[in-house]
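None of the values given here were measured: they were computed from a predicted structure. Both ligands and their constituent atoms are indexed starting at 1 by order of listing.
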Amino acid sequence: MNIRTVSTTPYPDQRPGTSGLRKKVKHFQQPHYLENFVQSLFDCLKDMAGKTLVLGGDGRYYNPEAIQIILKIASANKVGRVLVGHKGLFSTPAVSCIIRRCKAFGGIILSASHNPAGPDGDFGIKYNISNGGPAPESVTNAIYTQSKQINRYLVLEAEDIPLDTLGIFTLGEMRVEVINPITDYAELMEELFDFDRIATLFDTGVFHMCFDAMHAITGPYAKDILEQRLGADPNTVLNGEPLPDFGGGHPDPNLAHAKSLVTKMYRANAPSFGAASDGDGDRNMILGKRFFVTPSDSLAILAANAHHIPGYRLGLAGIARSMPTSQAADRIAEALGIECFETPTGWKFFGNLLDAGKATLCGEESFGTGSDHLREKDGLWAVLFWLNILAVRRQSVKTIVQEHWSHCGRNFYSRHDYEDLPADLSQQLMEDLRKQLPKLKGKRLGQREVTLADDFSYTDPIDHSITTGQGIRLCFKDSARIIYRLSGTGTQGATLRVYLEAFEPNPDRHNQETQVALADLIQIADHLAQIQQRTGRAQPSVIT
Ligand code: VG1
Ligand code: CO
């Protein structure tokens with residue numbers, strides 16, 4: 001057995017963002033770039049020797065090569081066993097599921113989620129801890145610190161593992177098991193949801209659904225679960241073949257990017273239910289016949305209907321939402337008499353609440369929903385939750401949402417993204433906003449009165465860690481909000497996200513167009529931050 005010590009020099013830019021380290025593929029392909037990060041990770045995981053690691057990715061370009069590199073570094077660092085997905089594939093929620101089921105020490109996920117792939121696209125790497133969830137900031141900060149002082153990495157000289165073959169292999173003293181990435185995950189879904197009842201819904205012959213896998217990781221999962229186990233039509237899954245460049249698309253499940261699904265769902269003979277997931281399978285978009293459900297509303301509606309679902313019949317401990325996510329969740333939590341937590345953006349902040357049994361459902365406005373069944377957001381889980389509700393209630397998606405609004409009121413909600421801005425310009429914009437904060441409280445902006453203006457910071461209720469600078473928020477007396485944040489997942493320039501929310505209790509006004517209902521807030525947001533003037537952009541790049 002030949003373990004080589006390779007000397008290296010640090011890269012200064014290996015700080016993980018909202019969800020792992022994300023860079024252009026070409027950036028990752030620089031000499032020793034991936035190796036440095038992986039060795040820094042192992043250097044920080046002192047108790048890893050002899051333990052089990054889960055490894056897989058969303059199938060994007062560079063996934064197979066990266067897996068072979070990581071396996072050899074893992075072996076040289078004395079990892080005991082690695083569970084790798086067949087062909088190197090694993091959705092993010094499936095990795096979380098396997099870590100928990102097999103009591104693994106942790107997992108490495110290769111993904112840049114919804115960012116485009118291919119040789120000129122993005123790549124990413126993320127570490128999940130033994131609860132199955134994204135490493136907390138204490139761990140990611142330690143990896144970053146180590147990456148700035150690394151001077152060598154260890155690697156086993158060996159042949160590649162044949163990832164196309166299921167089975168057990170050895171790599172030095174390490175055992176490598178190439179496993180089916182779907183089975184455990186699908187079994188967990190069968191435990192949570194009433195598959196027989198959903199199958200009966202498909203059997204009626206009048207209910208049809210369409211799922212857009214966007215040529216990313218969820219294709220094989222959706223075919224197995226929806227078409228095979230639940231008996232949906234054989235053509236239910238669109239774009240079901242995972243491709244290294246995601247077919248040239250942008251696998252972000254929203255109205256702007258999931259074009260083939262949206263076209264299908266808005267034509268005259270549209271299916272009853274439509275859904276899509278993202279590159280690594282943790283996001284979801286829910287559509288009814290010519291009807292779009294915002295992710296924030298979806299979270300609230302799942303909570304309101306959880307008693308219909310076997311896995312949640314005993315009730316919810318609480319709900320957690322990221323700060324920019326709409327307050328629709330707070331309203332249903334209040335109605336149910338349970339607590340609602342507000343965390344910074346990114347799933348890593350839900351881990352402690354879930355582990356402590358304080359929250360059962362979690363959600364983000366960015367098309368992410370999940371629960372305590374694992375420690376990641378979970379795209380197909382959300383789709384199955386909706387299917388189970390539809391199978392019980394036998395109403396349309398639109399009716400279910402409108403009824404929800406008539407009980408709880410409607411939180412009109414939209415996010416405006418300005419992508420690829422110069423970094424210094426966007427930082428200055430945020431800095432200037434921050435300076436305005438002290439004078440804003442109590443001020444009237446248009447028709448609305450500001451009751452809170454701050455830069456969001458969070459104290460974790462479990463480990464008391466403090467996270468600051470999580471977005472500038474303006475809350476108004478009538479529950480409306482404007483939030484400004486810079487993205488932590490981009491790989492090119494900076495992305496400014498402006499989140500807009502207005503509450504409307506009156507059902508007669510629930511059918512307004514969202515951008516119309518939010519028009520005055522959009523104007524206030526622009527005026528305050530001088531977005532158009534500073535960026536020279538007349539409109540956002542993407543509106544969701
Ligand atoms: C975005 C979303 C955030 C999400 C993160 C990772 O982060 O806003 O809600 O948790 O992506 O999701 P940011 O920093 O760009 O706003 V995924 O599906 O990329 O793992
Ligand atoms: Co994702």
Exercise for the section: Among all protein heavy atoms, pick out the one at the shortest distance from atom 10 (O) of ligand 1; state its residue, atom name and that distance to 0.1 Å. Expected result: E364 OE1, 2.7 Å
Handout entry: Stepwise side-chain hydrogen bond (donor to acceptor under 3.5 Å, both in side chains) test for S322 and T325
Key = CA-CA 5 Å; S322 67; T325 303; 2.7 Å; yes
Problem - Best match, N115, D282, I109: closest heavy atom to atom 20 (O) of ligand 1 - result: D282
Problem - Protein heavy atom at shortest distance from atom 7 (O) of ligand 1 - result: T489 CG2, 3.4 Å
Handout entry: Salt-bridge present (K23, D122; N to O < 4.0 Å)
Key = no
Practice task
Assess R415 for proximity to ligand 1: is some non-hydrogen atom of it under 4.0 Å away?
Solution key: yes
Completion exercise
Short version for R22: what comes under 4.0 Å of ligand 1, heavy atoms counted, is side chain
Exercise for the section: Could you check I182, I98, I217 and say which one makes a side chain to side chain contact (heavy atoms under 4.5 Å, CB included) with F90? Expected result: I98
Practice task
Measure the distance from atom 12 (O) of ligand 1 to every protein heavy atom, then report the residue, atom name and distance (to 0.1 Å) of the closest one.
Solution key: K377 NZ, 2.8 Å
Problem - Salt bridge present between K126 and E376 (N-O < 4.0 angstrom) - result: yes
Handout entry: atom 2 (C) of ligand 1 - nearest protein heavy atom and its distance
Key = S366 OG, 3.5 Å
Problem - side-chain hydrogen bond (donor to acceptor under 3.5 Å, both in side chains) between Q515 and S414, intermediate numbers included - result: CA-CA 8 Å; Q515 302 305 316; S414 183; 2.9 Å; yes
Completion exercise
Within 4.0 Å of some non-hydrogen atom of G346, the atoms of ligand 1 are 10 (O)
Exercise for the section: Kindly state whether the ring of Y62 and the ring of F28 have centres lying under 6.0 angstrom apart. Expected result: no
Handout entry: Exercise: do Q470 and S457 side chains pair donor with acceptor under 3.5 Å
Key = no
Exercise for the section: Look at the rings of W381 and Y312 and say which category their plane angle falls in: under 30° parallel, 30 to 60° tilted, over 60° perpendicular. Expected result: perpendicular
Handout entry: Distance flag, aromatic centroids of Y33 and Y11, threshold under 6.0 Å
Key = yes
Exercise for the section: Decide, yes or no, whether a salt bridge links R283 with E364 under the criterion of side-chain N to carboxylate O below 4.0 Å. Expected result: no
Problem - Opening angle between OD2 in D278 and OG in S113, taken at the Co ion (ligand 2), to 10 degrees - result: 80°
Problem - N/O separation below 3.5 Å, Y499 to ligand 1 - result: no
Handout entry: G368 heavy atom under 4.0 Å from ligand 1
Key = no
Exercise for the section: Would you name the N/O/S atom of D282 that lies closest to the Co ion (ligand 2)? Expected result: OD1
Exercise for the section: Closest by any non-hydrogen atom to atom 5 (C) of ligand 1: pick that one out of R283, R485, R497. Expected result: R283
Handout entry: Which of the ligand 1 atoms, numbered from 1, are nearer than 4.0 Å to a heavy atom of T345
Key = 3 (C), 8 (O), 9 (O)
Handout entry: Min N/O separation H114 to ligand 1 under 3.5 Å
Key = yes
Fill in the blank from the handout: Restricting to heavy atoms, the pick from G490, G17, S113, S111 nearest atom 17 (V) of ligand 1 would be S113
Completion exercise
Among the N/O/S atoms of D280, the Co ion (ligand 2) lies closest to OD1
Completion exercise
At under 4.0 Å between heavy atoms, what of D278 touches ligand 1? The answer is side chain
Handout entry: For T18, the ligand 1 atoms whose distance to one of its heavy atoms is below 4.0 Å
Key = 5 (C), 7 (O), 13 (P), 14 (O)
Exercise for the section: May I ask you to decide whether D417 forms a salt bridge with R415, counting only side-chain N to carboxylate O separations under 4.0 Å? Expected result: yes
Practice task
Ignoring hydrogens and angles, state whether a donor on the side chain of Y499 or R485 is under 3.5 Å from an acceptor on the partner side chain.
Solution key: yes
Handout entry: Per-residue contact class, K126 against ligand 1 - non-hydrogen pairs under 4.0 Å
Key = neither
Problem - Short N or O distance, G488 and ligand 1, threshold 3.5 Å exclusive - result: yes
Exercise for the section: Return the orientation label for the F367 and F292 ring planes: parallel under 30°, perpendicular over 60°, tilted otherwise. Expected result: tilted
